[in-house]
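Take a look at the structure below.
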Amino acid sequence: MANEAGAGPEDPRGPRGPGRGATARPSPAGRHTLGGMSDSYTHFETLAIHAGNTADPLTGAVVPPIYQVSTYKQDGVGGLRGGYEYSRSANPTRTALEENLAALEGGSRGLAFASGLAAEDCLLRTLLSPGDHVVIPNDAYGGTFRLFAKVVSRWGVDWSVADTSDPAAVRAAITPKTKVVWVETPSNPLLGITDIPAVAQIAREAGAKLVVDNTFATPYLQQPLALGADVVVHSLTKYMGGHSDVVGGALIVGDQGLGEELAYHQNAMGAVAGPFDSWLVLRGTKTLAVRMDRHSENATRIADMLTRHPRVSRVLYPGLPEHPGHEVAAKQMKAFGGMVSFQVEGGEEAAVAVCDRARVFTLGESLGGVESLIEHPGRMTHASAAGSALEVPADLVRLSVGIENVDDLLEDLQQALGK
Ligand code: PLP
């Protein structure tokens, strides 16, 4: 089966192995298939725990083993046991995660990478050729902007920036050469909201693919494929892993043909997720639902406190009724997530001082872990956007609200702000 599906890692035609077949995805001795799970269990919390996680047929282990291996004994030349031959092409622990991700996003195919940016790079080099054009949001993770502006553009891909929270602005930015419309919702760090169905329709009419970075929301809160997106991107480093102990990325698609193309490029380019990293993320997604509920509850309480604080000039949280994207967010999200940004009276130095004074909130980049983090985007995560259309306000502070007791978090922010 795997042999029919394609060529081996040394063969320029592409990978064979699980997930590379034209039809079903074979797994060793039936392991790590959804095993009808997606048919029998449709609730997110159940899928999160079971999809890709069938018990090990050898030992009954309820957690997929870490297959820390590069190559596999073959049953004769070309006779692969379960379809695995080389771990860049496929590895059983990664297969388990990829099946889990596909199930959670409601896609036909999930692919796991060494980082979110590795996933983005693979996606862009699969979808784009020199001369193509991309619409990118005016608020996005700084590293995503850097990938477009400093790397992909060098290969002859043109891009323009649009406020994707305004569908008319997206339509206006599209050119006859536009192949990709890129959206982050909620966006990093300004928590802007894009109407996914509206922008999906605009992209479809233009013959472009809509890519949604779902890192902030996660599939528990928002499922972009069901809302019309073609591709979902994740930094698995964040909520999906959930414990600040792994760097990873993912692509999930609905279309099987696109899934095959991406799998070909994943193997051809090689920035795959390793077995231990895959295992850590697979452990993380099991508790995603309960974590996101608590992240969202805590963030709601904190955003509410900040709106009443005299030293805060503006709070950015899609759960607030006054947020410009609140209505759209309420339609397409189950809750509003754990990210809150706010602007501080007194400008950049005052914002930096708040970050420095926080104690329970750890000063650090990244987000989405169980512990609360605070940062100054202008000098930290978004420094690479300085001077561009994506530059962030200097008085902005970004919070990744964790799942600690909310009273401790409220008290810490109050002391950091100077009560
Ligand atoms: N997308 C978003 C929204 C992010 O916040 C990040 C990283 O912070 C990335 C993508 C890139 O992911 P990674 O750091 O795993 O490469």
Side-chain angles (χ1 to χ4, degrees), residues 97 101 105 110-125 134 136-152 164-165 180 182-194 196 211-219 221-222 224 229 231-252 266 269-274 277-278 280-281 284-285 292 295 316 318 333 337-341 362-369 373-385 390 392 396 398-401:
L97 172 62
L101 295 171
E105 286 287 3
L111 298 157
F113 294 83
S115 70
L117 282 177
E120 295 183 15
D121 180 36
C122 179
L123 174 63
L124 292 173
R125 285 199 274 162
V134 181
I136 65 170
N138 67 347
D139 184 40
Y141 168 57
T144 298
F145 171 69
R146 183 177 55 206
L147 182 64
F148 280 111
K150 302 279 195 240
V151 181
V152 177
T164 59
S165 68
V180 167
W182 191 282
V183 158
E184 249 184 53
T185 183
S187 63
N188 181 2
L190 298 177
L191 283 309
I193 298 294
T194 295
I196 297 175
V211 177
V212 175
D213 185 331
N214 205 27
T215 299
F216 271 33
T218 82
L221 300 183
Q222 171 176 280
V231 184
V232 169
V233 172
H234 276 285
S235 170
L236 299 174
T237 317
K238 311 300 180 336
Y239 290 105
M240 302 291 270
H243 297 75
S244 305
D245 54 10
V246 63
V247 172
L251 302 174
I252 301 103
Q266 180 194 39
M269 292 161 66
V272 294
D277 289 355
S278 298
L280 282 170
V281 178
T285 61
M292 292 313 293
H295 283 297
L316 304 166
M333 298 176 75
M339 299 302 295
V340 179
S341 294
T362 301
L363 176 62
E365 303 208 355
S366 199
L367 60 111
L373 298 176
I374 189 166
E375 68 124 359
H376 184 265
R379 291 196 192 171
M380 295 170 65
T381 47
H382 290 69
S384 62
L390 281 81
V392 296
L396 190 77
R398 190 189 74 179
L399 304 176
S400 172
V401 178

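For ligands, and for the atoms within them, numbers begin at 1 and follow the listed sequence.
Annotation: atom 11 (C) of ligand 1 to nearest protein heavy atom, Y141 CE2, 3.5 Å. The nearest protein atom to atom 5 (O) of ligand 1, hydrogens excluded, is given as N188 ND2, 3.1 Å; this is a heavy-atom distance.
Here K238 has side-chain heavy atoms under 4.0 Å from ligand 1, and that is the only part of it that gets that close. Counting heavy atoms closer than 4.0 Å to ligand 1, residue D213 contributes side-chain atoms (C-beta onward) but none from N, CA, C or O.
Looking at S235, its side chain never comes within 3.5 Å of a backbone N or O of G249 through a donor-acceptor pair. A donor-acceptor distance shorter than 3.5 angstrom exists from the side chain of Q266 to the backbone of A112, with no hydrogens or angles considered. Looking only at distances, no side-chain donor or acceptor of T381 sits under 3.5 Å from a matching main-chain atom of E365.
For the pair Q222 and T185, the minimum side-chain heavy-atom distance is below 4.5 Å. In this structure the side chain of L236 reaches within 4.5 angstrom of the side chain of L101, judged on heavy atoms. Counting heavy atoms from C-beta outward, L251 and V233 have side chains that approach closer than 4.5 Å. Using a 4.5 Å cut-off on side-chain heavy atoms (C-beta onward), T285 and V281 make contact.
Looking at V247 next to ligand 1, no N or O pair under 3.5 Å apart turns up. Residue contacts with ligand 1: L117 is placed with a nitrogen or oxygen under 3.5 Å of a nitrogen or oxygen of the ligand (distance criterion only). The shortest N or O to N or O distance between T237 and ligand 1 is below 3.5 Å.
Note on ligand 1: E120 sits in its first shell, one or more heavy atoms being nearer than 4.0 Å. Within the structure, ligand 1 has G248 among the residues with a heavy atom less than 4.0 angstrom away.
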